[in-house]
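Read the structure below first, then the notes.
Values reported hereafter were calculated over all heavy atoms of this structure, with side chains retained and with hydrogens, waters and symmetry mates removed. Everything numeric here is computed off the predicted structure, so don't read it as measured data.
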Amino acid sequence: FPADTRQKKEGIQLIQTYLENYYNFKKDGESDLIWKNNSPITKKIKEMQDFLGLEVTGKLDSDTLDLIQQPRCGFPDIAGFS
Amino acid sequence: TFAGEPKWTKKVLTYRILNYTPDLHPADVNAAIKKAFNVWSSVTPLKFVKEENDLADIMISFAVRGHNDFIPFDGPGGAVAHAYAPGTGFGGDAHFDEDETWTISTEGTNLFYVALHEFGHSLGLFHSKDPEALMYPIYRKFDPSVFPLHQDDINGIQHLYGHTPITYSDQRESSEVKEPDEPKEPALADTCSPDLTFDAVTTFRGEIMFFKDKYFWRKHPSLREVNVVLISSFWPRLPPGVDAAYEVPEKDETVLFKGNEFWVVRGDTILPGYPQKIYALGFPKDVTKIDAAFYNRNKGKIYFFIVDKFWSYNKRSQSMDRKPRQIREAFPGINGKIDAVFQHNDFFYFFHGRKQFEFDPGKKRVTRLLKTNFWFPC
């Protein structure tokens, strides 16, 4: 892939894993990764950005990409964990 | 807090370190873990006891990747540790990712700071949305000289367990210290004892005076030596066991309180007309003694602390508050009765039993938790 497409792909992988680990995101099929404004993953990104004090864009912007690569506590950020 | 607010019902909890990271000396791991528990003890009634062999409430271990629970670690970076809410089995346990480089400095992943966060979970705290709070999920570089708990963390843990109470032993200790009416001669306390407590502390002509029973220690903040002096050798008419003291530097006067009386001294001279009753200052009759006092030069106000409330006296308008206020409202993080307080540079130092809290009036929060003998060359 051209570099930026590959980076984008890596970013999508990162954010998906992060949301699965800490925001109870469950990807059921490829369609879940479509980035429409009200798609499941966009909603989850907004939820995560709100919790971590980021600008709530629903997009994988650089601040968001930077923060999800910081060391963190392994415990989820939202309930739904028992 | 977690859903359903799980918390421990007992106040003394046990912890056991099951294995050690090869990144640090075991003694450093023990110290970091103990220090983390001490911070939570400093703002709650909780006490923590290290268990060597048996099961403990909080089992602490280092592991990599899958480690027999539901959340495998992910190699270096990413998740560095996790812990479980209070409960049986895994409840309360804390797991640290051995794929991290554990340190006791601000480089790498600082064990004390991560453990402090994880034990917040072990005690029932969930993640905080406040980026300044310890319980915020992302680890950042931290300033080891600043008290690590933010007001948000303290509010959360005290919602679950209440404030630092005065335990009977503290009360007995402070009542012994405050009312040495028994004929026994209190021995001169050891200034380096971890159990050191004070009756009163004040600045005094550039020095700091630490009162205890019938003695006081004089210490210049920037010099090492400490002089111990019999109170009666300075002010023969003053009874032992000062309750509170404060200095008004611009008048070269120091005010000493005992019971419902007070004296004003200049150097080793008691000014004429003293003692007077504290009611002359504007206190109501139901106030029978002052626990601590200090003069805030910046505000021109004198603060008097009585149990968990305080009064302030405005020197300019010569007026006392009409009614007392809660200490913790004006001084967040300072809870319950205090033994002594004084101002040094731009900070207030509150003494409560064996603890000393450095308070930043600008930030309106506790910035350091110190030992009472912090000022002595121990």
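Under the 6.0 Å distance and 45° angle rule, A/Arg72 counts as a cation-pi partner of A/Tyr22. Geometrically, B/Lys35 engages B/Phe112 in a cation-pi contact, judged by NZ or CZ lying under 6.0 Å from the ring centre and within 45° of the ring axis.
Checking B/Asn30 against B/Tyr20 by side-chain atom types alone, a donor-acceptor pair falls below 3.5 Å. Of the N and O atoms on the side chains of A/Tyr23 and A/Asp77, at least one donor lies less than 3.5 Å from an acceptor on the other residue.
Interface remark: A/Asp50 contributes backbone and side-chain atoms alike to the contact with chain B (heavy atom separation under 4.5 Å). For a residue to count as touching a neighbouring chain, one of its non-hydrogen atoms must lie under 4.5 Å from one of that chain's; by this rule B/Ser128 touches chain A with the backbone only. In this structure, the portions of A/Leu67 lying under 4.5 Å from any heavy atom of chain B include both its backbone and its side chain. Only the side chain of B/Glu118 has a heavy atom closer than 4.5 Å to any heavy atom of chain A.
In terms of heavy-atom pairs under 4.5 Å with chain A, the best-connected choice from B/Pro131, B/Ala83, B/Ala85, B/Gly77 is B/Ala83.
Residues B/Gly92 and B/Trp8 approach most closely at CA-CZ2, 3.8 Å, considering heavy atoms.
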